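Read the structure below first, then the notes.
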Amino acid sequence: MRERSKIIFHRGMQRSSEWLEPLKKIADQYALITDQTVYALFGPAMKKKLEECFKVFVISIAPGEESKTREQKATIEDQLFKFGLGRDGAIIAMGGGVICDLVGFVAATYCRGVPFLSIPTTLLAQVDACIGGKVGVNTEQGKNLIGAFYPAQLTLIDVDFLSTLPRSELLNGRAEILKYGVIDSPALLQMEVNESLIKSCCEIKLRIVEEDPHERGVRRILNFGHTIGHACEAASGYFFSHGAAVALGMVGEAYLSHQLGFLKKEELGIIKEIIRDAGFSLALPAPADQIMKFMQRDKKAQKQQPHFVLLERIGKAHAFEGSYCTPISSHLIKEALLWLDSQ
Ligand code: ADP
Ligand code: ZN
């Protein structure tokens, strides 16, 4: 059994050396893998810090989802061999969700697995992507279709990294924060984005993931808003951001929860207003029929039937006898999409 993943919150990592202590117990060589944008912002300072205690190799790749490929994984592996990173070495992912997913997958298979650490630098990665161990790459057939469960042994979260994030990236993370509020902890819906809110989100995700690491039951509630959301992202040719898609998806899936008799109308109204007030639009990014097609193709669709997490109330998803999801007729899904677009 692997060790329990640990999250340490630490402000000012670029200037302090305290966070290096726990790393000493893990390895004495580190590969710091990041993207060029993140490297330009924080790379030299972080490398210098690590070099106070360790031998450090840096790999910096092109930013963006296009880098999350099998080819990029192989290129990184070849570089690691060239550096001579051995079994006594460890890998650090520093960046957003793309870097955490890709680098985590590299760590999972390099020499049959080396210790993996993450330093998430986007709000989305801090509250979601870096926790829970889902790592992987995209293929032509879809996103994250090749991958593994390989949780980071240690995640270091510094909210100071967020100061350089553009508004659109903050909004991206905001959607997942609202999701935790809607499925688990309504109090989060009123909070400002700060370290304490990020901590609460990490605690919720860790608790759920530890209960069901391989997503056979309760972990599925983290997919609330994502069945419609993923289909919207794909139907827009990924022009629509993950956050915008999930925000819209949550309102659509709240509508389904109401239509099927689980969620009260007032609560559907509250969810809609919260999402709107946060700055998201409910207009569909593609025609409803096109979104429907992508939903049937989703990797989580069973027998072409998309499954949904439904809410009983704000803060609680329906259990469906422990499966936490249910298939819904195409007719009703389409009605939900058209309703969204008319809001
Ligand atoms: P996410 O899934 O977290 O949105 P990405 O890894 O695609 O992730 O990151 C989004 C973009 O933000 C990338 O271009 C990345 O280089 C950039 N980025 C990551 N962290 C920061 C940061 N702290 N400040 C500014 N830009 C950042
Ligand atoms: Zn998500």
Side-chain angles (χ1 to χ4, degrees), residues 11-14 32-43 45-46 59-69 72 92-105 118-132 134-138 143-144 155-184 193 198 201 204-205 208-209 215 219-234 238-250 253 275 280 298-300 309:
R11 289 196 73 161
M13 283 175 73
Q14 292 178 86
L32 176 66
I33 310 181
T34 184
D35 74 34
Q36 284 143 8
T37 306
V38 176
Y39 190 81
L41 292 166
F42 319 117
M46 294 296 283
I59 297 175
S60 173
I61 66 167
E65 195 74 31
E66 301 72 40
S67 286
K68 240 178 93 173
T69 62
Q72 183 60 259
I92 302 177
M94 178 169 79
V98 168
I99 286 292
C100 293
D101 289 4
L102 169 70
V103 174
F105 192 30
S118 63
I119 304 178
T121 61
T122 64
L123 182 58
L124 183 70
Q126 293 190 347
V127 298
D128 184 19
C130 77
I131 309 160
K134 282 191 189 174
V135 296
V137 295
N138 306 329
K143 279 177 120 191
N144 302 316
T155 296
L156 295 152
I157 297 184
D158 180 352
V159 293
D160 290 353
F161 287 129
L162 305 182
S163 62
T164 51
L165 269 190
R167 194 191 107 86
S168 58
E169 266 301 320
L170 284 171
L171 205 55
N172 219 6
R174 182 81 190 155
E176 302 287 351
I177 293 175
L178 295 175
K179 182 189 77 181
Y180 293 118
V182 167
I183 60 168
D184 190 276
V193 175
I198 295 171
C201 293
I204 295 169
K205 182 153 183 189
I208 295 172
V209 164
E215 201 172 316
R219 183 170 180 168
R220 294 202 180 114
I221 70 173
L222 296 170
N223 295 330
F224 180 67
H226 283 62
T227 307
I228 292 179
H230 282 148
C232 285
E233 270 185 281
Y238 293 96
F239 162 78
F240 217 46
S241 75
H242 182 69
V246 168
L248 181 130
M250 288 195 284
E253 295 179 19
I275 300 283
F280 295 104
D298 192 289
K299 71 174 169 191
K300 281 176 187 133
V309 174

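Counting starts at 1 for both ligands and their atoms, in listed order. Remember, it's a predicted structure, so these values are computed and weren't measured experimentally.
Contacts between Leu124 and ligand 1, counted as non-hydrogen atom pairs separated by less than 4.0 Å, involve the side chain only. Residue contacts with ligand 1 for Leu165 involve both N, CA, C or O and side-chain atoms from C-beta outward (heavy atoms, distance under 4.0 Å). Contact annotation for Glu169 and ligand 1: only side-chain heavy atoms (C-beta onward) come within less than 4.0 Å of the ligand.
Residue-to-ligand polar distances keep Gly95 apart from ligand 1: every N/O pair is separated by 3.5 Å or more. An N or O contact shorter than 3.5 Å is missing between Pro63 and ligand 1 by distance. Between Val38 and ligand 1, not a single N/O pair is under 3.5 Å apart.
Checked by atom type and distance alone, the side chain of Asp35 never pairs as donor or acceptor with a backbone atom of Ile61 at under 3.5 Å. When atom types are taken as modelled, the side chain of Asn172 and the backbone of Gly243 share a donor-acceptor pair closer than 3.5 angstrom. At distances below 3.5 Å, at least one donor-acceptor pair connects side-chain atoms of Asn138 with backbone N or O atoms of Asn144. A donor-acceptor contact shorter than 3.5 Å links the side chain of Lys179 to the backbone of Leu222.
Between the CG atom of Leu171 and the CG atom of Leu124 there is a distance of 11.0 Å, given to the nearest 0.5 Å.
Scanning the protein for heavy atoms near atom 17 (C) of ligand 1, the closest one is Thr37 CG2, 4.4 Å. For atom 22 (C) of ligand 1, the closest non-hydrogen atom on the protein side is Thr164 OG1, 3.4 Å. Summary of contacts: the protein heavy atom closest to atom 15 (C) of ligand 1 is Asp35 OD2, 3.4 Å. At the shortest separation from atom 1 (P) of ligand 1 among protein heavy atoms lies Gly97 N, 3.4 Å. From the protein, the heavy atom lying nearest to atom 3 (O) of ligand 1 is Thr122 OG1, 2.6 Å.
Residue Asn172 has at least one heavy-atom neighbour below 4.0 Å for each of these atoms of ligand 1: 4 (O). The Phe161 neighbourhood of ligand 1 comprises atoms 22 (C), 23 (N), with distances under 4.0 Å to a heavy atom of that residue.
Under 3.5 Å, the side chains of Glu176 and His242 contain a donor-acceptor pair of N or O atoms. Under 3.5 Å, the side chains of Thr34 and Ser60 contain no donor-acceptor pair of N or O atoms. Side-chain atoms of Glu215 and Asn223 include a donor-acceptor pair closer than 3.5 Å.
Nearest to atom 6 (O) of ligand 1 by heavy atom, out of Val98, Thr121, Thr34, Ile61, is Val98.
Residue contact check for ligand 1: Leu41 places a non-hydrogen atom closer than 4.0 Å to it.
Among the atoms of Asp128, no N, O or S atom is found under 2.8 Å from the Zn ion (ligand 2).
Residues Gln126 and Thr121 are not in side-chain contact: their nearest non-hydrogen atoms beyond the backbone lie 4.5 Å or more apart. At least one side-chain heavy atom of Phe42 sits less than 4.5 Å from a side-chain heavy atom of Thr164.
Its N, O or S atom nearest to the Zn ion (ligand 2) is what matters here, and for Glu176 that atom is OE2.
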Inset, instruction - For the pair Leu123 and Val159, evaluate side chain to side chain contact (heavy atoms under 4.5 Å, CB included) and give the outcome as yes or no after the intermediate values. - result: CA-CA 8 Å; Leu123 182 58; Val159 293; over 6 Å; no

